[in-house]
Amino acid sequence: MGDSREPSGSTVPLLIACALGIEKFALRAGDRGGAAGDVTVLRTGMGPVNAGRAVRAACRTGPLAEAAVVASGFCAGLAPGMHPGDLVVVEEVRLGGSPTACTHTELLVEAVARAAPGRTVHTGPLTGVDHVVRGDERARLLGTGAIAADMESAATLSSALEAGPRPVAAVRVVVDAPEHELVRIGTLRGGISAFRVLRAVMPAFFEWHRSLLLPRR
């Protein structure tokens, strides 16, 4: 399990990693008010290999060597009753049976709920996959205890911790779920607005980041 010790200085930057251009656009369009220090939104490309490679390169040296890291973007909901536009604040990510715990999840849940009022916020484990999850595979993954799946979060956080101890977190917006399976990415232009939901949660990331700089009692 990853070491999630808090950084020691007020200048520690925040790295937000996502896979898709539309995710990066939403995150960069989010309210930047209240950010504590430098914020970088990194598009890694799709899949665990690309995510791991990009995050390791970003975190090994230079200004992001001690950055707090958030994995964000869209995900597949696994549990019945989840809907597109719901939010998932991840407690731990799992990749190949190896879990990585997220940092100060309880604070992030509260911050996300304030940033996106009226949206359902789920908490629980997220499992890493290397393909789009469809049909009966959702039930199989749900049976492992995970409530959501995506291709990048687990690789993002584990790779960040390989580069050095740091706080890590993952927040995802559900784009499809058991009763609302996504047929094609264009479906996002329909009844839900996952883009707006993703953009809305940026202040929650900043609140979480600021909290890491406060002394713990």
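Keep in mind that the numbers below use all heavy atoms, side chains included, and drop hydrogens, waters and symmetry copies.
Atom CG of Leu87 sits about 9.5 Å away from atom CE of Met82, to the nearest 0.5 Å. Summarising the geometry, atom SG belonging to Cys102 is positioned 8.5 Å from atom CD belonging to Glu91; distances are rounded to the nearest 0.5 Å. For the atom pair CG of Leu27 and OG of Ser72, the computed distance is 5.0 Å after rounding to the nearest 0.5 Å. Going from atom CD of Glu110 over to atom CG of Leu108 covers 10.0 Å, rounded to the nearest 0.5 Å. In this structure, CZ in Arg138 is found 7.0 Å from CG in Leu78, a value given to the nearest 0.5 Å. The structure places CG of Leu20 at 14.0 Å from CZ of Phe25, a figure rounded to the nearest 0.5 Å.
Taking all atoms of both residues into account, the shortest heavy-atom contact from Val201 to Ala116 is CG1-CB, 4.4 Å. Residues Ala200 and Ala115 share a closest heavy-atom pair of O-CB, 3.5 Å. In plain terms, the two heavy atoms of Val174 and Gly77 that are nearest each other are CG1-N, 3.9 Å. Across Ala51 and Ala155, no two heavy atoms sit closer than the pair CB-CB, 4.3 Å. Scanning both residues, Ser159 and Arg56, for their nearest heavy atoms gives OG-NH1, 3.0 Å. When all heavy atoms are compared, the tightest approach of Ala149 to Leu141 is CB-CD1, 4.3 Å.
Considering only heavy atoms from C-beta on, Trp208 comes within 4.5 Å of Pro167 through its side chain. Residues Pro13 and Thr40 are not in side-chain contact: their nearest non-hydrogen atoms beyond the backbone lie 4.5 Å or more apart. Using a 4.5 Å heavy-atom threshold, the side chains of Val39 and Phe205 count as separate. Side-chain contact between Asp130 and Met151 is absent, with no heavy-atom pair separated by less than 4.5 Å. Residues Leu161 and Thr100 form a side-chain contact, since some pair of their non-hydrogen atoms from C-beta on lies under 4.5 Å apart. Counting only heavy atoms from C-beta outward, the side chains of Glu106 and Thr123 never approach each other to under 4.5 Å. Side-chain contact check for Leu15 versus Cys59: some heavy-atom pair is nearer than 4.5 Å. A 4.5 Å side-chain heavy-atom check between Asp176 and Phe74 finds every atom pair outside the cut-off.
Between the side chain of Glu152 and the backbone N or O of Gly47, at least one donor-acceptor pair lies under 3.5 Å. Looking only at distances, a side-chain donor or acceptor of Thr44 sits under 3.5 Å from a matching main-chain atom of Cys18. Checking side-chain atoms of Thr103 against main-chain N and O of Val168 turns up a donor-acceptor pair under 3.5 Å. Of the possible polar contacts, one joining the His83 side chain to the Gly81 backbone as a donor-acceptor pair under 3.5 Å is found. Formation of a donor-acceptor pair under 3.5 Å by the Arg28 side chain with backbone atoms of Ala26 is not found in this model. With hydrogens and angles ignored, the 3.5 Å screen pairs a side-chain donor or acceptor of Arg166 with a backbone N or O of Ala65.
A side chain to side chain contact (heavy atoms under 4.5 Å, CB included) with Val93 is found for exactly one of Leu157, Thr156, Asp150, namely Leu157.
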*Show your working on side-chain contact (heavy atoms from CB on, under 4.5 Å) between Val173 and Phe195 and close with a plain yes or no.*
CA-CA 9 Å; Val173 179; Phe195 176 92; over 6 Å; no
*Step by step, would you call Arg43 with Glu23 a salt bridge (charged side-chain N to carboxylate O under 4.0 Å, His left out)?*
CA-CA 8 Å; Arg43 180 185 175 186; Glu23 294 168 336; over 6 Å; no
*Evaluate the criterion side-chain contact (heavy atoms from CB on, under 4.5 Å) for residue pair Leu212 and Val12; output intermediate values, then yes/no.*
CA-CA 10 Å; Leu212 302 174; Val12 170; over 6 Å; no
*Take Val121 and Val89 through the side-chain contact (heavy atoms from CB on, under 4.5 Å) test and state the conclusion after the steps.*
CA-CA 7 Å; Val121 181; Val89 177; 3.8 Å; yes
*Show your reasoning for whether side-chain contact (heavy atoms from CB on, under 4.5 Å) applies to Leu64 and Leu42.*
CA-CA 11 Å; Leu64 297 176; Leu42 173 69; over 6 Å; no
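Defined by atom type and a distance below 3.5 Å, a donor-acceptor pair is missing between the side-chain atoms of Thr127 and Arg94.
Residues Val69 and Leu95 do not share a hydrophobic cluster, clusters being chains of Ile/Leu/Val/Met/Phe/Trp/Tyr side chains in contact below 4.5 Å.
The existence of a salt bridge linking Arg172 and Asp86 is excluded, since no basic side-chain nitrogen approaches an acidic carboxylate oxygen closer than 4.0 Å.
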